[in-house]
> 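Let me begin by handing over the structure; questions about it come next.
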Protein chains: 2
Amino acid sequence: MKVGTAALTVDAAGMRAQNSSLLLNMIWRERQISRAEIARRTELSPSTVSAIVADLEHSGLVRSIGAGVSRGGRRPTLIGFRDDAFSIIGVEMGATHVTVVLTDLRGRVRTHRTASQQVRNDPEGTLKTVRTLVQECLDAERVPRRSVVGLGVAAPSPVHPSSPGKMSPLILPAWRGYDVREALSTTFDLPVFVDNDANLGALSECYWGAGIGGEDLTYIKLATGIGSGHIIHGDVYRGAGGTAGEIGHIAVDSAGPPCLCGLRGCLVTLIGSGALVERARELMGTKGRKAPTVREIVEGARAGDPAARQIIDGLGQYLGVAVAGLLNLLNPAIVVLGGEISSVGDLLLDPLRASVRKRALSTSMAETRIVTSALGDKSIAVGAATLVLQAALRDRTLFPLQHVGKSA
Amino acid sequence: MKVGTAALTVDAAGMRAQNSSLLLNMIWRERQISRAEIARRTELSPSTVSAIVADLEHSGLVRSIGAGVSRGGRRPTLIGFRDDAFSIIGVEMGATHVTVVLTDLRGRVRTHRTASQQVRNDPEGTLKTVRTLVQECLDAERVPRRSVVGLGVAAPSPVHPSSPGKMSPLILPAWRGYDVREALSTTFDLPVFVDNDANLGALSECYWGAGIGGEDLTYIKLATGIGSGHIIHGDVYRGAGGTAGEIGHIAVDSAGPPCLCGLRGCLVTLIGSGALVERARELMGTKGRKAPTVREIVEGARAGDPAARQIIDGLGQYLGVAVAGLLNLLNPAIVVLGGEISSVGDLLLDPLRASVRKRALSTSMAETRIVTSALGDKSIAVGAATLVLQAALRDRTLFPLQHVGKSA
DNA sequence: CTGGTTTCTTCGCAGTGCGAACGAAGTTTT
DNA sequence: AAAACTTCGTTCGCACTGCGAAGAAACCAG
């Protein structure tokens, strides 16, 4: 049951595919590397490496980029990954907006579009908005459909592994009957990958953020809702039912306020944006009559406003309870905090770390770094694109084949 | 970083090794299967399957076991896994005892030995006891060293992935400088695998217990300490520092008693054996002057003693807090409770499930079964042996080669 | 008993990676 | 400046693998 289920058989072609992917990943990772160096690291013979590199070059994924420094003999020819060989589309469906990015194969955003959109109750309108924005991105960069690897989608809902594309009927009841994957796949005739937004935030951090080089990471998204995603052994971990990472409904304070989910004292009722804003209204000299925004709390805290600081302190303390449990249970290498409020940095990290230290084993603490995200507001959409990239780097056949001559 | 690190290159021999392992696993799993059926399922050609099966047969791992039922033509020759081809040794180092089992390749215990042993403060004596018991098991079954695949060890300490064999200096300070793997490997000249006891309990459940057929499971060991182990995608998950699963020190009640670890209200201070016994002394009509044992609590609860029932209820409630957090964070398919106290079954499961229901998202709950272990008191030692089995089924070369003729 | 079906093996073929030999291109030594 | 050495990359024959077609063996149905 556990060993060989997923493993596929190998024939001669499969062997080539495996080694080919291995080399492709190495070249992607190293950005530039010589054939000789690849042969040394992979323990493949030089002749095999040359043959595979020729393959990859012919498919347009890599190219020669001049000579490297000599190690006492002939200078090596450096091979580089062609980040611009293909494009990827990443879509973030937030609570009240849709963001679409078009990235290259290095996670760089080449174009992006955002539109306000009530996602929760308007599947039809949301899909239409997504289609429009995707098309705009493609048109803006004059990217032909055939040079797009695929389309990644971040959804504000858990995604069940057995039916990617369908939203949770409990979180997004209005989406019953809709299948995002199906819908977009038929529209654009491209492979579509869907996952939860926090999971994709985690993937984004693992590839482009605080988790670079690591394989185990937990990302916590602090926003209207509180979600988290785990990267385990380099892969998004979804759990048995796709709801792994639902940190927002961990009961932190059994005497706390009731939550929409029916429980009491959920983390989200204490540190969700709504709770923070509410608390800010109580504490801060809310000049006018309007409730302050998260942005104002951030700015206030940075400016030294004691009320804002107090709110952030409280956030750190509550969050620490959940993070401590997380460290003991999962012992991730890194915990990354994302979401607008995380931009206060140490103002949040200090009370959080103190709170965790009071509640987690020192051994779990020792190995875990807790940091705030340095990626921008498009990190979720980029994470969606990264999901496609990850799949394609593992299975080269996902890259659309295009016969490339000698031209650049 | 995340994709190709672990992947190894493949050559012709590696291709054969992969396919060979795949077949070996299939035969192990199915117990009996024909070449034709293997070819259909794996999509390998009949000729290839025959060749590989001949290989496996020659190495003594499988054998023909007569004809199956016809599907309208020639009757298939069924191939069976030879569970008795090799033996595996499993060692459990508990808090106050050492248990050694000798199993076949199906996790069946052929011989076992147990001895009282203070493990915590006596590394030298513990290792000596282990050596003695292992040798006794080998002698009892007249098993030659060369037919033993390896030796698995369950340790009452987290094991850091980078130094398997070394105990945590915080949990077992007396073991500083000792390396269990090294020590036993040189004594017996066998491969040695070491892991945390709760992790191996989890593995045991996944292979032989409640988790059969699944790939994601969490095991919780209720004993002097409270530990847990996660099986993720069929593998033990150890976390970045090897301390994943330290559920015992999750803070459940911030107003609770202080714990040895320096924190307050740890789960273990509330539901560890010590706490249960202490509470029993308060509540139960402790006939004599001695403190009751866990066994007596179990028997009392079964017999209907209200005090014992109350203790179990409390256990279920506290444990529910931690399990709810676990479900939200990891969303495992199954949670298995082990340890002596778990033998009360529903008496514990009912209050536990109720407690969880009050604290976990219904979506997380829906996909998760919570059960008590049906494996016996040797499940941890068997889990240690299973770790070796798992490794060998993946890498056939771990099976000692022995030239087998046509004999049975 | 005959025709059809299924199982398993045999044998030649195509594809893959390897290794030795070689040429190409630098560096270091003389 | 020339020779000797080192490294890089390619070429080519070899060994091994899995495949597919063909065939033999074993069985069932009529």
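As the structure is a prediction and not an experimental result, all values here were calculated from the model. The sequence lines fix the lettering, A, B, ..., with proteins before strands; numbering per chain opens at 1.
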> Just wondering, do A/Met26 and A/Ile33 contact through their side chains at under 4.5 Å, heavy atoms?
yes
> Any chance you could measure B/Asn25, atom CG, to B/Arg394, atom CZ, to the nearest 0.5 Å?
8.5 Å
> Do the side chains of A/Ser87 and A/Val149 get nearer than 4.5 Å, heavy atoms only?
no
> Any salt bridge linking A/Asp83 with A/Arg108? Criterion: basic side-chain nitrogen under 4.0 Å from a carboxylate oxygen.
yes
> Take atom CD of B/Gln18 and atom C1' of D/dC16, then tell me their distance rounded to the nearest Å.
15 Å
> Roughly how many Å is it from CG in A/Leu78 to P in D/dT7, rounded to a whole number?
17 Å
> Main chain of B/Ala210, side chain of B/Glu205: is a donor-acceptor contact present, judged purely on distance under 3.5 Å?
yes
> Distance from A/His160 atom NE2 to A/Arg238 atom CZ, nearest 0.5 Å?
12.0 Å
> Return the value, rounded to whole Å, for the distance between atom CZ of A/Arg71 and atom C1' of D/dT6.
10 Å
> With a 4.0 angstrom cut-off to heavy atoms of chain A, pull out the first and last contacting nucleotide of DNA chain C, in 5'-to-3' order.
C/dT16 to C/dT27
> Let me have a per-nucleotide readout for nucleotides 18-30 of chain D, 5' to 3', with B, S or -, counting only protein heavy atoms under 4.0 Å.
SBB----BBBS--
> Checking the side chain of B/Thr42 only, and the main-chain atoms of B/Leu44 only, is there a donor and an acceptor separated by less than 3.5 Å?
yes
> Would a 4.5 Å heavy-atom cut-off, applied to side chains only, mark A/Leu151 and A/Val388 as touching?
no
